[in-house]
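See below for the structure under consideration.
Residue numbers run from 1 in the order of the sequence given. Order of appearance sets the numbers: ligands from 1, and atoms from 1 within every ligand.
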Amino acid sequence: MANRSCIIRLSRYKNALNRLKGLNFVRVFSDNLADAAGVTAAQVRKDFSLFGITGNRRGGYKVEELADQLNRILGKNQLHEFIVIGVGNIGRALLHYPGFERSGIDVAAGFDIDPAKYNPQSQPPVLPLEQLGELIKTRDIKLAILAVPDYAAQQVLELVLSAGIKGVLNFAPICLKAPPGCIVNNINLETEIENLIYFINAAENRK
Ligand code: ATP
């Protein structure tokens, strides 16, 4: 069974392949993809073999075919609808980020607890939390992005899961645990920046 790091590498290989496709490459070797993803060529081959993808030593992989296979594995061959809960600074930015649409991700609506944020006419609309269950059910939405404050995150997680959401990307600065049957990926921007600062300081101190 592939783990989270392996799937992140597949996304990086897929992005590198799309760039190569744009440059009219017909074939690609594991070394090229390894360079793009910052791993070894052996790692690329190991990741591919988990999914039964085989190349050949001389010819490498056909770019078109490999891109199709990776897109299928990553679910890129279908449109995925998301909802965003919490339309503050982060939520609003995600709601209007044009890069999602280019990669087959469609933000169906934003939800907030604050009536001042409602805007049912905007695209995507911002709706009251009370309408969340109905939208998830009628559109069969499985994915949610949480951008609420830390104190509200656990309660909002329980709300979206009980409404049928299966995967959550959590931007609230608190680590949420997923109950069985669903997945929560926590993204804490402050932790990421602290991590950078630590390694920059460590490198400076070694000089
Ligand atoms: P802003 O500048 O709009 O206050 P912010 O990102 O600094 O943005 P936060 O306090 O992090 O504000 O809240 C983010 C958003 O989450 C706000 O729009 C807030 O109304 C909303 N929010 C807070 N609690 C809940 C909740 N329980 N359910 C849904 N949305 C919530």
**ligand 1 atoms in contact with D114 (distance to a heavy atom under 4.0 Å)** = 20 (O)
**Complete:** In ligand 1, the atoms that come under 4.0 Å of a heavy atom of A152 are 24 (N), 27 (N)
**Asked** Where is the nearest protein heavy atom to atom 2 (O) of ligand 1: which residue, which atom, and how far?
**Response** N89 ND2, 3.1 Å
**Prompt:** Of the protein's non-hydrogen atoms, which lies at the shortest distance from atom 12 (O) of ligand 1, and what is that distance?
**Reply:** G88 CA, 4.5 Å
**Fill in**
re atom 17 (C) of ligand 1, the protein heavy-atom contact at minimum distance is D112 OD2, 3.5 Å
**Item:** From N188 atom CG to I193 atom CD1, the distance as rounded to the nearest 0.5 Å
**Value:** 9.0 Å
**Asked** What protein heavy atom sits nearest atom 16 (O) of ligand 1, and how far away is it?
**Response** G86 CA, 3.5 Å
**Asked** Counting each atom of ligand 1 from 1 as listed, which ones have a heavy atom of V148 under 4.0 Å away?
**Response** 16 (O), 29 (C), 30 (N), 31 (C)
**Asked** When hydrophobic residues are tied together by side-chain contacts of less than 4.5 Å, even through go-betweens, does L79 share a cluster with I165?
**Response** no
**Message:** Students often mix this up, so state it plainly: with edges at 30° and 60°, are the rings of Y61 and F48 parallel, tilted or perpendicular?
**Reply:** perpendicular
**Fill in**
K21 meets the salt bridge (charged side-chain N to carboxylate O under 4.0 Å, His left out) criterion, sequence neighbours left out, with E64
**Message:** Quick check on G91 - does any of its heavy atoms sit under 4.0 Å from an atom of ligand 1?
**Reply:** no
**Fill in**
among protein heavy atoms, the one nearest atom 3 (O) of ligand 1 is K117 NZ, 2.7 Å
**Asked** What are the atoms of ligand 1, with element, lying closer than 4.0 Å to any heavy atom of V156?
**Response** 26 (C), 27 (N), 28 (N)
**Nearest neighbour in protein (non-hydrogen) for atom 23 (C) of ligand 1** = P149 CD, 3.4 Å
**Prompt:** Quick one: nearest non-hydrogen protein atom to atom 29 (C) of ligand 1, plus distance?
**Reply:** I113 N, 3.6 Å
**Item:** Cluster link I183 to V160, ILVMFWY, side chain under 4.5 Å
**Value:** no
**Item:** Residue, atom name and distance, where the atom is the protein heavy atom closest to atom 28 (N) of ligand 1
**Value:** L129 CD1, 3.4 Å
**Item:** Ligand-residue contact atoms, ligand 1 with V87, heavy atoms, under 4.0 Å
**Value:** 15 (C), 18 (O)
**Message:** Just to verify, which of L132, L127, L143, I145 counts as forming a side chain to side chain contact (heavy atoms under 4.5 Å, CB included) with I83?
**Reply:** L132
**Prompt:** More than 12 non-hydrogen atoms from neighbouring residues, nucleotides or ligands closer than 6.0 Å to CD1 on I187, yes or no?
**Reply:** yes
Which side-chain N or O atoms in residues 149-158 pair as donor and acceptor under 3.5 Å with protein atoms at least two apart or in another chain?
from: Q154; atom 1: NE2; to: E158; atom 2: OE2; distance (Å): 2.9

**Prompt:** In Å and rounded to the nearest 0.5 Å, what is the CG to OG1 distance from L66 to T54?
**Reply:** 10.5 Å
